[in-house]
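Chain A is the first sequence line, chain B the second, and so forth, proteins listed ahead of strands; every chain is numbered from 1. If you're wondering where the values come from, they're calculated on a predicted model, not measured in any experiment. For the numbers below, each heavy atom of this structure counts, side chains included, while hydrogens, waters and symmetry mates do not.
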Amino acid sequence: MTDVAAAATKRRAPRNQWWDVWDQFKTHKGALVGLAVFFSILALILIGPWFWTQDPGYVNLRSRNQGFSALHPFGTDQLGRDMLARIMAGGKVSISVGLTAMLLSITLGTTIGVLAGYFKRLENLLMRGTDLFLALPLLPLLLLMVTLFREPLSRTFGPETGIFILIVTAIGATSWMQSARIVRGSVLAVKEAEFVLAARSIGTPPRRMITRHILPNVMSPIMVSATLGIASAIITESALSFLGLGFPPDFPTWGRLLFDAVDAMQLYPARVILPGVMISLTVLSVNYIGDGLRDALDPRIRGR
Amino acid sequence: MFDHAPSQKTLVEVDGLKLYFPITAGLFRRRVGDVKAVDGVSFNIYQGETLGLVGESGCGKSTCGRALLRLYNVTDGSIRIGGVDIARLSADALRRMRPTMQMVFQDPQASLNPRMTVAGIIGEPLDEHTTLSRAEKLARIYELMDAVGLSRDFANRYPHAFSGGQRQRIGIARALALNPRFIVCDEPIAALDVSIQAQVVNLLEELQDRLGLTYLFISHDLSMVRHIADRVAVMYLGKIVELATREALYERPMHPYTQALLSAVPEPDPVHEASRRRIILTGDVPSPANPPQGCNFCTRCPKVMDICRRVEPASRELEPGRFVACHLYETATTAGATAAENGSGKTRLSTNNPTTQQGV
């Protein structure tokens, strides 16, 4: 009898809600496939170089522009560099730039959006600032940032890390405005909900009001703009590399590979398709993961 | 009810409470006027009683209830709860006062965060105001769930999984978590089925008996207020027009607005229902941004006099514990007995319920 009672109490103890989230996430087939694809891409670019030991920067002019072969499964580029090794190396940069820039822009956008939506006094200042950023011509701004900060950053952090920081900051600082506006709109709606009033009558201070009540309820739009943000960060990075503003020309990124191959696209279409497919797969899988997460985080959808 | 009122200890004293929402216009958002949602309201609530606050939609009852808990910053007046004037309290001091006063909200769907479990919702006040350990908190949450008649198994569920009545119980449990002395019930039954309304009201009454709670019960449901309230205040356009004990108000309404309001209540007895004569008010409630000069009710009052359009009637105590703001009873101060007789005579005409006159 006591055992039964003990078991009953145990069952009733609040379960960590992340288990519920995972249970719901598992029911979303697209999200599971997306997760699998994303993890295989990660495995390819992280574990792959351990098995495929060719140097992505090794130039061998005698074997340039080769097709698929056992020696070079994805062929070689116009300088005879192995495409598989370059895709692995490029993926590492592209995905880390994408993820970090997205994190930065979402953090910035959410912070500004929440502050502007919740605190009426800050709204004007922050939203006019957002408008200002939206009105800025982005490419000249990026150009300016790169020319101003490339040298000092390279000197302090080394050429690769320096450029990485520069690119991530540049992309993050110029792409947070959309999410800030979306988040502010959602916060304005949630703020008027009666449960926020109820929390005020309890005496919840603003910072916990935001973390406990506002943020969880504006999660969906944040999630959506985060997943879309990864895609646009990868693409912006490739555009920057193409303009010569990003990583140095011999440094492989997916965007770089793509633009290197565009010149000879009609002769060697595989060199465009391969990095293109990698970018698309990453973006698509991240979108599906975001979709599944958004559903799983909503208790109203959960358990249906 | 009548006799205990003056002798009892006062818990809430509201004096001249005003709450204006500014109307701004133009490029520089200049203040061009005010919506006078609550315009000079004064009343007391005694320890352990239920004060009903009734009135039609938009008359400011909910705003008044929220202002009482300082959910809005009041424009003027004082609100003393347990002797502390909370109308001018700093944010920090107000936060420390919060446990004594809580609120039950109108819409049980909207007043619960859809992303929190029941345990999280009921436990929020405990997180904010106590330093209990996790296990103690859980024990208190279970205790509260038992008190409002929710199964402990529901602790992990989310609000969307409950019916309206159950959600309202969650809201009540949350309000009770910190052992408050005063609870504002802001139309807690308006969004519920009639059968569930009775359950929730009975729960509120039972909790009041058990925990010695004091309620301000805001409602537009006159029969429910008659059931639960000890005293009733009638609001019209931001002002209290009549405040009396339940029996006195329902048997012998004095203010013309109260008479009209009560005449709209259907009678369960078909014999009485057939003879019920409704006072139909014409026109709409004036805008609270631009209330009429003089008495607020003068545009619709069936007994309007010349003075009503010019002079605003003051609230006077016509009988012990009975306040009416109407020029009809102005003479009562000089010749009390005759005026009161006169007043009830007028009432008799409209209510058609003369047999109960002696009951008061």
Side-chain angles (χ1 to χ4, degrees), chain A residues 5 7-21 23-24 119-121 123-124 186 189-220 222-223 293-304, chain B residues 65-66 68-72 91-92 94-99 101-121 123-129 134-135 137-138 141-142 145 151-161 171 174-175 177-178 180 183-184 186:
Chain A
T9 355
K10 200 164 194 172
R11 194 192 66 230
R12 282 195 304 242
R15 180 189 185 210
N16 189 340
Q17 55 173 318
W18 289 106
W19 284 110
D20 295 339
V21 173
D23 283 347
Q24 173 66 26
F119 298 103
K120 213 162 185 281
R121 267 170 302 145
E123 185 179 8
N124 247 319
S186 316
V190 171
K191 196 177 78 169
E192 295 305 319
E194 221 168 35
F195 63 81
V196 172
L197 196 69
R200 275 198 17 233
S201 79
I202 286 165
T204 308
R207 63 200 133 90
R208 279 201 289 281
M209 187 82 87
I210 287 170
T211 52
R212 193 182 290 153
H213 296 289
I214 306 275
L215 269 183
N217 281 293
V218 298
M219 216 52 201
S220 304
I222 294 178
M223 224 61 176
L293 258 186
R294 194 195 56 205
D295 286 0
L297 287 174
D298 191 340
R300 279 162 295 191
I301 297 173
R302 207 146 68 209
R304 236 175 241 174
Chain B
R66 289 173 183 189
L68 234 56
L69 299 187
R70 262 290 290 279
L71 294 177
Y72 298 129
D92 208 42
L94 186 66
R95 193 174 127 72
R96 281 195 296 278
M97 276 291 289
R98 288 284 179 210
M101 47 192 195
Q102 286 291 311
M103 187 155 184
V104 176
F105 288 86
Q106 173 175 15
D107 183 351
Q109 165 80 60
S111 65
L112 307 175
N113 185 343
R115 306 230 167 197
M116 282 168 86
T117 60
V118 171
I121 290 168
E124 189 184 0
L126 302 172
D127 290 339
E128 287 302 330
H129 290 284
R134 207 169 231 248
K137 253 179 223 164
L138 197 60
I141 289 166
Y142 284 155
M145 289 178 76
S151 161
R152 292 184 174 199
D153 286 325
F154 295 159
N156 285 329
R157 298 200 188 162
Y158 289 87
H160 71 89
R174 169 175 62 186
L178 294 167
I183 297 184
V184 173
D186 183 6

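- Heavy atoms of M101(B) lying under 4.5 Å from chain A belong exclusively to its backbone.
- Between R200(A) and L69(B), every side-chain heavy-atom pair lies at or beyond the 4.5 Å cut-off.
- With a 4.5 angstrom heavy-atom cutoff, L112(B) touches chain A only via backbone atoms.
- Here the CG-CZ distance, from N217(A) to R115(B), works out to 5.5 Å after rounding to the nearest 0.5 Å.
- Residue contact with chain B, scored on non-hydrogen atoms closer than 4.5 Å, involves the side chain of R208(A) exclusively.
- Atom CD1 of residue I202(A) and atom CD of residue E124(B) lie 4.5 Å apart, to the nearest 0.5 angstrom.
- R66(B) touches chain A through its side chain: at least one heavy atom from C-beta onward sits under 4.5 Å away, while N, CA, C and O do not.
- Interface remark: of the candidates S201(A), P205(A), A193(A), A198(A), S201(A) forms the most heavy-atom pairs closer than 4.5 Å to chain B.
- Under the 4.5 Å side-chain criterion, counting only non-hydrogen atoms from C-beta, E194(A) is not in contact with Q109(B).
- Between chain A and the options M103(B), R95(B), M97(B), the largest number of non-hydrogen pairs under 4.5 Å is found for R95(B).
- Taking CZ from R212(A) and CG from N113(B), the interatomic distance works out to 9.5 Å, rounded to the nearest 0.5 Å.
- The distance from atom CD of Q106(B) to atom CG of L197(A), rounded to the nearest 0.5 Å, is 11.5 Å.
- Neither the backbone nor the side chain of R96(B) comes within less than 4.5 Å of any heavy atom of chain A.
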